[in-house]
Amino acid sequence: MSEERGEEIQNLSNRRFRRRTYLGGLGAALALPASAALLSACNRLSENGGTETKVAGGGISASAEEIIARRKLSPDDVTAALSTYLPSGRLDDYLMFASGGQSGQVLVIGLPSMRLLKLIAVFTPEPWQGYGFSDDTKAVLDEGKVAGRSITWGDTHHPALSETDGDYDGQWLFINDKANSRLAVIDLRDFSTKQIVKNPLLLSNHGGTFVTPNTEYVLEGSQYGVPLGWEYAPITEYKEKYRGMLTCWKFDRQRGRIIPEESFGIEVPPYGQDLADAGKLVSDGWAFWNSFNSEMATGGDMQGKPPLEMGASQRDMDYLHVVNWKKAVDVVKAGKAETIKGFKVIRIPTAVSEGILYLIPEPKSPHGVDVTPKGDYLVVAGKLDPHVTVYSFAKIQQAIQKGNYEKDDFGIPILPFKDCLEAQVEVGLGPLHTQFDDQGYAYTSLFLDSAVSRWSLGKPYRDDGWKAIEKVPVQYNVGHVAAVTGDTVKPLGGFLVALNKWSVDRFANVGPLLPQNLQLLDIAKDHKMRVLYDLPIGNAEPHYAQIIPRERIKAFETYPEVGWNTITQSKDPNGTALGKERIARDGNKVEIWMTSVRSHFTPDLIEVNQGDHIVWHITNTEKARDATHGFALPLYNINLSLEPGKTETVSFVADASGTFPFYCTEFCSALHLEMMGYFLVKPSS
Ligand code: RUQ
Ligand code: CUA
């Protein structure tokens with residue numbers, strides 16, 4: 001070491017500031033002796049010779065230390081920054097799929113950097129992806145029509161990655177639309193939506209989507225009771241006519257589609273079914289839904305009745321629904337389901353006599369029910385009870401065997417609470433949702449406390465028993481939490497994201513509608529939990545999220561062949577090779593086979609007559625990664641995205657005459673602005 005260098009280090013280590021604010025945190029974060037980390041950090045700086053760096057916020061800084069001082073960073077700030085920063089070009093270790101709330105989309109976020117990587121359009125037209133503009137994607141959105149009406153948004157809540165043996169396999173993603181009781185299927189080969197299914201009997205859902213351990217079924221529970229099929233019925237007949245339904249949607253992995261004809265519902269009372277989870281391992285074959293309105297309150301505040309939310313909170317207990325979905329599949333196969341509006345439904349008496357449906361009391365107004373990694377316990381968090389309630393799956397089975405049950409007003413067996421209870425752990429105020437890690441800890445969001453609680457599971461997970469360990473504040477009003485593979489049979493731990501509803505003072509004021517705050521927490525085993533990063537979400541309210549190791553996703557880099565149909569994931573008969581472009585007229589139908597390649601559309605001049613029916617196929621013949629072209633046609637409200645290899649078709653009537661320049665909307669090349677052409681529509685008279 002040069003004398004100069006030695007002196008520099010000596011000077012650095014003598015500075016009280018560095019010792020106080022930098023050393024401890026940095027050393028801990030890197031799991032190195034503090035001095036070694038410091039030495040290598042300053043060695044790197046001085047080896048660079050020109051250590052002066054311009055940093056954001058203005059000014060010149062000579063060293064990490066000076067940046068820390070000028071930006072007034074604490075040791076925790078520095079360790080947080082070092083834990084999440086990714087140098088350019090380095091990839092995130094995990095991908096988080098978060099619901100996009102009212103945007104009707106899915107957000108894809110990299111961890112630990114918390115960078116937004118993609119929005120996947122699902123229930124809402126989205127121009128960048130050309131979603132809802134091409135014929136094929138319009139058809140996907142049209143599958144989501146409700147009683148013939150186009151719905152142009154969705155309230156996405158709970159994404160579910162497809163699973164093999166209870167763990168994410170990275171192939172498919174499902175998500176619900178709470179507002180209209182719909183489900184969507186997203187193919188993770190190209191991160192785009194392939195199918196929307198509308199539940200024919202319901203108008204709202206919530207306890208879904210959740211998949212069974214081998215993605216045999218995608219589960220969807222209704223939330224707000226309606227007569228099945230939502231015909232009018234007086235509210236005074238709520239108990240007689242209104243119902244909930246738990247729907248098991250059959251998923252065909254080969255076809256990559258939900259098969260409605262092989263799907264069915266299980267009728268349940270109008271108890272306001274809430275979140276759900278599928279059993280796994282020892283509890284495979286079962287599924288669990290909470291409920292929050294066993295009072296069957298229907299509001300009527302202006303008729304002198306208690307407001308709905310008060311009415312729905314009168315009893316001390318609501319009901320956990322325990323459902324044997326495997327048996328339900330057999331019952332449907334045996335022809336014991338009824339058909340309502342073309343959809344198979346197991347009615348309540350059949351569900352009871354076949355041993356498909358049981359209830360267990362649960363502390364009032366619960367929200368989440370989460371199955372532990374081995375499938376042996378169910379954790380229920382009751383919003384109005386400071387405990388999480390843990391039920392034992394084995395005890396539930398014993399209670400079922402024992403028989404001699406009480407029944408609810410609908411004749412459904414109620415298993416005794418005490419017989420099924422394993423433990424109650426006081427975790428804090430307003431517990432909602434629980435995730436798990438690889439250490440036998442559970443993490444529960446505390447909405448009212450604005451905190452995340454870490455608590456230990458009892459045997460066989462940990463010897464220290466069922467007990468609260470620590471709490472960390474989050475900002476603010478946390479809904480769901482998501483840990484790495486935190487709801488699977490193999491949770492990996494390490495990171496957890498708190499999806500907070502309120503951000504209040506965390507970000508620059510952007511007016512009265514504030515962003516949501518997704519906070520990344522370090523939950524590594526060897527130290528206390530800590531918040532590392534705040535990610536504002538400025539387009540909607542994400543609810544649930546799932547986090548998967550990046551390498552489990554095997555997405556296309558470009559489409560496999562030029563002329564690819566992204567809905568069928570196979571060659572499109574209208575895919576067009578370079579040199580095969582053409583325009584064909586048949587009566588007043590004009591069909592165009594166009595190619596796009598840097599920096600040209602062929603043909604680039606098209607003339608038709610007003611009133612012609614246009615069928616326009618465009619194939620991006622590029623093979624280079626990221627060589628995407630767009631296609632915009634003014635007035636006609638068309639914008640497509642043509643990723644390398646993709647063929648899109650758009651059909652319309654050229655009912656407006658005029659001169660329409662079409663152009664590429666992706667800055668694809670130096671001659672991108674020149675990538676245009678004219679669509680001329682000759683007036684008919
Ligand atoms: S839900 S937090 Cu669908 Cu809990 Cu929103
Ligand atoms: Cu193609 Cu710009």
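From a predicted model like this one, the values you see are computed outputs, not experimental measurements. The basis for the numbers below is simple: all heavy atoms, side chains too, and nothing from hydrogens, waters or symmetry mates. One-based numbering, in listed order, for ligands and for the atoms of each.
Under a 4.0 Å N-O distance rule, the pair D155/K178 does not qualify as a salt bridge. A salt bridge between E295 and R315 is absent, with no side-chain N of the basic residue lying under 4.0 Å from a carboxylate O of the acidic one.
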CA sep, side-chain torsions, deciding dist, call: H157, H206, side-chain hydrogen bond (donor to acceptor under 3.5 Å, both in side chains): CA-CA 7 Å; H157 273 238; H206 195 241; 3.2 Å; yes
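Taking the centre of each ring, W502 and F447 stay at or above the 6.0 Å mark.
Taking a cut-off of 2.8 Å, the protein N, O or S atoms nearer than that to atom 2 (Cu) of ligand 2 are C664 SG, E666 O, C668 SG, H672 ND1.
Put simply, the residue from N574, T595, T619 that forms a side chain to side chain donor-acceptor pair (under 3.5 Å) with T647 is T619.
Side-chain contact annotation: E220 with S181, donor-acceptor N/O pair under 3.5 Å present. N500 and N477 are not linked by any side-chain donor-acceptor pair at a separation below 3.5 angstrom, with hydrogens and angles left out of the test.
The number of protein N/O/S atoms found under 2.8 Å from atom 4 (Cu) of ligand 1 is 2.
Put simply, part of K501 is less than 4.0 Å from ligand 1, judged by heavy atoms.
K471 pairs by the side-chain hydrogen bond (donor to acceptor under 3.5 Å, both in side chains) definition with D449, not counting sequence neighbours. Looking at residues two or more places apart in sequence or on another chain, you find a side-chain hydrogen bond (donor to acceptor under 3.5 Å, both in side chains) between Y559 and D190.
Atoms of ligand 1 found under 4.0 Å from any heavy atom of H158 (numbered from 1 in listed order, with element): 1 (S), 3 (Cu).
Proximity of H206 to ligand 1, defined as any heavy-atom pair under 4.0 Å, is confined to the side chain (atoms from C-beta onward).
Annotation: Y678, atom OH; neighbour count of heavy atoms from other residues, nucleotides and ligands within 6.0 Å does not exceed 12.
For the pair R454 and Y441, the cation-pi test (distance below 6.0 Å, angle within 45°) is passed.
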